[in-house]
Amino acid sequence: MRIFYISLFLLFFNQNLSTLSAENIDNLIFKEKKRTDFKPQNNIQFLKNLLKKNQNFEINNHLIALYYKKHGFKTFFVERKSIKPLAFNLLNKIENDEVLKPNIKNFFNLESIHTQIKKVQNTPSLENLINFDFLFVSIYHKYMTLLSKGSIDWKIFKEELEKLKENSNINTNWEKYNARKNIRKLLYKAVKKNDIYSAINKVNYNFPKAKELEKKIKEYEKIAKSGGYIKIPREKRVLKKGQYSSEIQLLRKRLLQSNYIKADNCLKEEEFIFSEETPVKVKIDKNTASININDKEQNNCNKYYDEGLYEAIKEFQKDNGLTQDGVIGKKTIKALNIPIEEKIKKMRLNLERMRWMPRNLGKKYIVVNIPAFNMKMYEEDKKILQMRVIVGEKKHPTPIFSHRMSEIILNPYWRIPQSIVKKEVIPNLVKNPNYLKDEDINVHENWDYESIQYDTRGIDWSIFLNNDLIGDDKEAPMRFIQIPGNKNPLGRIKFLFPNKYSVYLHDTPAKYLFSQKNRAFSHGCIRLSKPHELLKAISEEENKIDFENSEKILEGKNRTDIDLERKIPVHIVYLTAWVNDENRVQFRDDIYDYDKIQEKILFNKN
């Protein structure tokens, strides 16, 4: 019976498969059998029987059958006696996928696929063509699923986060967003357009400069194949502009590898200036362009930390999240000596993370990148605003998720979490009975700042010390609320996108913290260095916000709530490698150790 179905399907294919309806197929089966008691098979069962011959597909037979049923039983990747370019383009995309490349063998048997291609090319029989088409439909489905959902084992990652919570009491949260696309319908359209990329681009990452990051990986791989980065020995002292060192020449070569300088030679003679830290007499022979320094051969310009090298070092420090002072110390040397293979791995990991984000970021949207400690607002993928932010400390990590900003509060009250009341407020009250008055904190019966306010003058706060009598965020005998003002840690503006993590963007009176390089200081919420600028950027398209009037309100203490007509997508992300607006690769420290966890899951599969 199986052989009969296969031969019959080949007959259909030869008679122009695309024109056969379900009724045609049933009639042909009935006619071929010449038996009045034969029960016609429906198309799904027909294909199922045919598919039993070859079980080497990436998806189940029923799903493959569905692809063909909804496509009128037409082929996708083969023509009359040849393979369509569509198939080769799909395979090329898979083989050059920068995320999957290290583990491609775990997902696809490329050797077998190429064997099948040669088999069809050498013997384009109907059976070989049909089996090839089935194979590539399954390959397409699996690859599109990987693009839609990412290639990480999310269950294992969530288990690792649970371990952090159990072992270190660190409550971490990360939400993944699959591409909400019908990949089967995308294939139908791709075949019609003869363009497989039209389907791939619908489910692949859509983060700004993601494609550029792919290209940068290829550039880095060329350097890796040629031997990798030059190793810079660690000096006992720091190097500053104007000083000499035998390592300067190596630094030039290392920076040349990363295109921070265009040549590893010295500066032009008019740029060759010495600082007071290295007081030497310079004699320049203009005929030979040679430089004599105190007649000491070792003091040549290749060992001199000149202006050009200084600017290159500062640019490198900027791209790696270091202090841009041009001083070559331990941190700068350490960053220079990170193996290029580790950088490539980090870049691939971050491309994978981009496949966990919503594909439609929004027309006007906000991105907060935790490891970069910054916030950017985009419109039509063009950056219109940028500022420094403070994020959650390692013990209180800011969750990674996306939501939509729907409300802005001017002069907000701060409902102090009960955990902070227990750990900070109560101990301070035991030491200083006037602490509540000094900090503008009132005690209420519930979270409503207009609810009954308690007189706390007679309370012995020591009875709440080092115990759970003060309650938690769900149930407590009293609630502590700080009124609007300069002492309020929420500052003067609060940007709300209601979520289960109670995280939001807000102002802060502690402006001095924004001068720090590592700005992980909060309990999870995100503090903005320029909240007024964000308010202004939103007001330009929001009818409910009069920016000038809002500024006047902020001079007082009256709370004002503004519901936004146009909700703004907010994406809190965790990127430790990306390409910036100047097309330079940026690297940042793994402040929550997520790189370590995810790299182990993604790249240690062999």
Side-chain angles (χ1 to χ4, degrees), residues 98-99 205-226 228-230 232 241 250-264 306-329 331-354 357 361 367-378 380-389 517-519 571 573-591 595:
E98 291 300 342
V99 177
Y205 32 61
N206 193 35
F207 194 78
K209 298 284 187 177
K211 301 295 184 183
E212 284 76 2
L213 187 57
E214 282 185 351
K215 295 175 183 176
K216 292 294 183 181
I217 291 177
K218 298 183 189 305
E219 293 177 14
Y220 278 53
E221 284 184 321
K222 290 179 181 178
I223 300 173
K225 288 178 181 178
S226 64
Y229 287 141
I230 293 170
I232 308 298
K241 185 175 67 171
L250 284 177
L251 278 166
R252 291 184 188 281
K253 293 182 182 297
R254 169 64 184 84
L255 293 171
L256 180 64
Q257 287 181 302
S258 300
N259 293 318
Y260 285 100
I261 57 177
K262 300 302 180 184
D264 64 349
D306 59 24
E307 182 68 25
L309 188 61
Y310 172 73
E311 293 298 328
I313 287 291
K314 286 204 300 181
E315 194 68 24
F316 174 84
Q317 291 171 332
K318 178 182 178 182
D319 290 346
N320 288 270
L322 303 171
T323 302
Q324 301 166 51
D325 55 8
V327 176
I328 305 173
K331 290 183 179 180
T332 300
I333 295 294
K334 181 181 179 181
L336 284 163
N337 284 335
I338 294 175
I340 195 166
E341 293 80 8
E342 291 299 315
K343 287 180 176 283
I344 293 172
K345 186 182 290 187
K346 185 184 283 276
M347 293 159 78
R348 285 198 168 108
L349 169 61
N350 283 274
L351 276 176
E352 164 75 12
R353 284 174 180 158
M354 293 175 191
M357 299 178 194
L361 299 176
V367 175
V368 177
N369 187 5
I370 295 170
F373 307 110
N374 71 16
M375 186 222 81
K376 296 179 181 179
M377 175 178 269
Y378 292 87
E380 301 289 357
D381 291 334
K382 182 179 180 182
K383 186 180 69 178
I384 60 174
L385 182 64
Q386 178 175 333
M387 69 183 69
R388 294 184 173 191
V389 300
K517 293 303 295 182
N518 186 317
R519 295 188 290 277
H571 307 285
V573 304
Y574 192 90
L575 296 179
T576 52
W578 72 96
V579 173
N580 68 2
D581 299 310
E582 289 74 42
N583 213 37
R584 302 197 69 92
V585 185
Q586 303 293 294
F587 295 100
R588 294 297 184 272
D589 289 338
D590 180 22
I591 63 171
D595 281 10

Next item on the list: In sequence, state the C-alpha distance, the side-chain angles, and the governing distance for Asn350 and Arg353, and then conclude on side chain to side chain contact (heavy atoms under 4.5 Å, CB included).
Entry: CA-CA 5 Å; Asn350 283 274; Arg353 284 174 180 158; 3.2 Å; yes
Next item on the list: Examine distances only and state if a side-chain atom of Asn580 and a backbone atom of Glu582 form a donor-acceptor pair shorter than 3.5 Å.
Entry: yes
Next item on the list: List the steps and the verdict of side chain to side chain contact (heavy atoms under 4.5 Å, CB included) for Leu575 and Met354.
Entry: CA-CA 9 Å; Leu575 296 179; Met354 293 175 191; 4.2 Å; yes
Next item on the list: State, yes or no, whether a side-chain contact exists between Leu336 and Ser258 at a heavy-atom distance under 4.5 Å.
Entry: no
Next item on the list: Evaluate side chain to side chain contact (heavy atoms under 4.5 Å, CB included) for Tyr229 paired with Lys343, printing each intermediate quantity in order.
Entry: CA-CA 11 Å; Tyr229 287 141; Lys343 287 180 176 283; 3.8 Å; yes
Checklist line | Member of Asn583, Val585, Asp381 meeting the side chain to side chain contact (heavy atoms under 4.5 Å, CB included) criterion with Lys209 | finding: Asn583
Margin query: Can a side-chain donor-acceptor contact be found between Tyr574 and Asp595 if the only test is distance below 3.5 angstrom?
Written below: no
Note to self: Return the CD1 to NZ distance between Ile232 and Lys253, rounded to the nearest 0.5 Å.
What the structure shows: 10.5 Å
Note to self: Counting C-beta onward and ignoring hydrogens, is there a side-chain heavy-atom pair between Ile217 and Glu214 closer than 4.5 Å?
What the structure shows: no
Notebook entry, point to check: Taking side chain as C-beta onward, heavy atoms only, is Met357 less than 4.5 Å from Val367?
Noted result: no
Notebook entry, point to check: Is any side-chain heavy atom of Arg584 less than 4.5 Å from a side-chain heavy atom of Glu315?
Noted result: yes
Next item on the list: Measure the shortest side-chain to side-chain distance between Arg519 and Val389 over non-hydrogen atoms and say whether it is less than 4.5 angstrom.
Entry: no
Next item on the list: Step through the shown structure and confirm whether more than 12 heavy atoms of other residues, nucleotides or ligands are within 6.0 Å of NZ on Lys215.
Entry: no
Checklist line | Value rounded to 0.5 Å, distance of CD1 in Ile340 from CD in Glu221 | finding: 9.0 Å
Check: Partners of Lys383 by side chain to side chain donor-acceptor pair (under 3.5 Å), sequence neighbours excluded?
Finding: Gln386, Asp581
Next item on the list: Locate the shortest heavy-atom distance separating Lys517 from Gly321; write the atom from each residue and the value.
Entry: CE-O, 3.5 Å
Note to self: Quick check on Lys331: does its NZ atom have over 12 non-hydrogen neighbours (other residues, nucleotides or ligands) under 6.0 Å away?
What the structure shows: no
Item checked: Minimum-distance pair of heavy atoms, taken over all atoms of Pro371 and Ile591 -> CA-CD1, 4.2 Å
Check: OG1 of Thr576 to CD1 of Ile370: how many Å apart, nearest 0.5 Å?
Finding: 11.5 Å
Check: Could you state the interatomic distance from CH2 (Trp578) to CD (Glu212), rounded to the nearest 0.5 Å?
Finding: 15.0 Å
Check: Measuring from Leu309:CG to Tyr260:OH, what's the distance to the nearest 0.5 Å?
Finding: 13.0 Å
Item checked: Student check: side-chain heavy atoms of Ile313 and Leu255 closer than 4.5 Å -> yes
Notebook entry, point to check: With a cut-off of under 6.0 Å to the ring centre and 45° to the axis, is Arg388 in cation-pi contact with Phe373?
Noted result: no
Note to self: Please check: side-chain N/O of Gln317 versus main-chain N/O of Thr332, any donor-acceptor pairing under 3.5 Å?
What the structure shows: no
Check: Do you know which two heavy atoms are closest between Asp325 and Tyr310, and how far apart they sit?
Finding: O-CE1, 3.6 Å
Item checked: Qualifying residue for side chain to side chain contact (heavy atoms under 4.5 Å, CB included) with Glu98, from Leu213, Leu351, Ile344 -> Leu351
Next item on the list: Can you establish whether the number of heavy atoms outside Asp590 located under 6.0 Å from its atom CG is more than 12?
Entry: yes
Note to self: Can you classify the ring geometry of Tyr220 versus Phe587 as parallel (below 30°), tilted (30 to 60°) or perpendicular (above 60°)?
What the structure shows: tilted
Check: Which pairs with one or both residues in residues 333-342 pass side chain to side chain donor-acceptor pair (under 3.5 Å), sequence neighbours excluded?
Finding: none
Next item on the list: Output the distance between atom CZ (Arg254) and atom CD1 (Ile261), rounded to the nearest 0.5 Å.
Entry: 10.5 Å
Notebook entry, point to check: How would you list, by chain and number, every residue that makes a side chain to side chain contact (heavy atoms under 4.5 Å, CB included) with Ile384, sequence neighbours excluded?
Noted result: Lys364, Met377, Glu379
Item checked: Close side-chain approach of Asp319 and Gln586, heavy atoms under 4.5 Å -> yes
Next item on the list: Run the numbers on Tyr378 and His571 for side chain to side chain contact (heavy atoms under 4.5 Å, CB included), then give the verdict.
Entry: CA-CA 11 Å; Tyr378 292 87; His571 307 285; over 6 Å; no
Check: Does Leu385 reach the side chain of Met375, with side-chain heavy atoms less than 4.5 Å apart?
Finding: yes
